[in-house]
Amino acid sequence: MAVETDFLALYRQLGLSPGCKLADFKQAYRRHVSILHPDRNDAAAPEDHERFGRLVSQYNAAMDFHRRH
């Protein structure tokens, strides 16, 4: 069973519009990962770990979609 990914929510979270360049998308993702990554944030709350995991899985789904289309 495939998991649905809300790409619009991902773009909103990254502060981008869906028509942005791939390089801008990747840069915004890296910026957010550096903020949310558990190794960089010792006082991270459990919900931060969930947000980080969700961001990574959404990004992977978006990159997979990009490679296929």
Side-chain angles (χ1 to χ4, degrees):
M1 178 166 147
V3 175
E4 294 292 320
T5 300
D6 186 357
F7 292 119
L8 289 178
L10 175 60
Y11 280 104
R12 260 186 260 117
Q13 181 180 358
L14 296 176
L16 300 170
S17 64
C20 71
K21 295 179 182 178
L22 183 60
D24 294 337
F25 181 76
K26 288 180 178 183
Q27 182 180 25
Y29 167 75
R30 285 189 216 104
R31 190 176 326 112
H32 275 74
V33 164
S34 71
I35 293 168
L36 294 175
H37 198 282
D39 289 345
R40 299 203 56 174
N41 189 359
D42 294 333
E47 56 270 5
D48 290 340
H49 292 287
E50 290 176 25
R51 286 177 53 209
F52 175 74
R54 190 170 40 251
L55 176 62
V56 170
S57 65
Q58 288 177 323
Y59 176 79
N60 288 335
M63 296 303 348
D64 185 49
F65 180 84
H66 175 73
R67 279 189 290 276
R68 286 185 284 131
H69 301 292

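Please read these numbers as outputs of a predicted model, since none were measured by experiment. Residues take their numbers from the sequence shown, with the count starting at 1.
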So [Y] and [X], do their side chains get closer than 4.5 Å, heavy atoms only?
X	Y	answer
Asp6	Gln13	no
Asp24	Leu14	no
Tyr29	Val56	yes
Leu16	Leu10	no
Tyr59	Lys26	yes

- Task: Identify the two heavy atoms, one from Tyr11 and one from Cys20, that lie closest to each other, and give their separation to 0.1 Å.
- Result: CE2-SG, 3.8 Å
- Message: If I compare all heavy atoms of Gln58 with all of Phe7, which pair ends up nearest, and what's the gap?
- Response: O-CE2, 4.4 Å
- same_hphob_cluster(Leu22, Leu8) at 4.5 Å side-chain heavy-atom cutoff: no
- Message: What's the separation between atom NE2 in His32 and atom CZ in Arg51, rounded to the nearest 0.5 Å?
- Response: 8.0 Å
- Query: Taking atom CZ of Phe25 and atom CZ of Arg30, what is their separation to the nearest 0.5 Å?
  - Reply: 11.0 Å
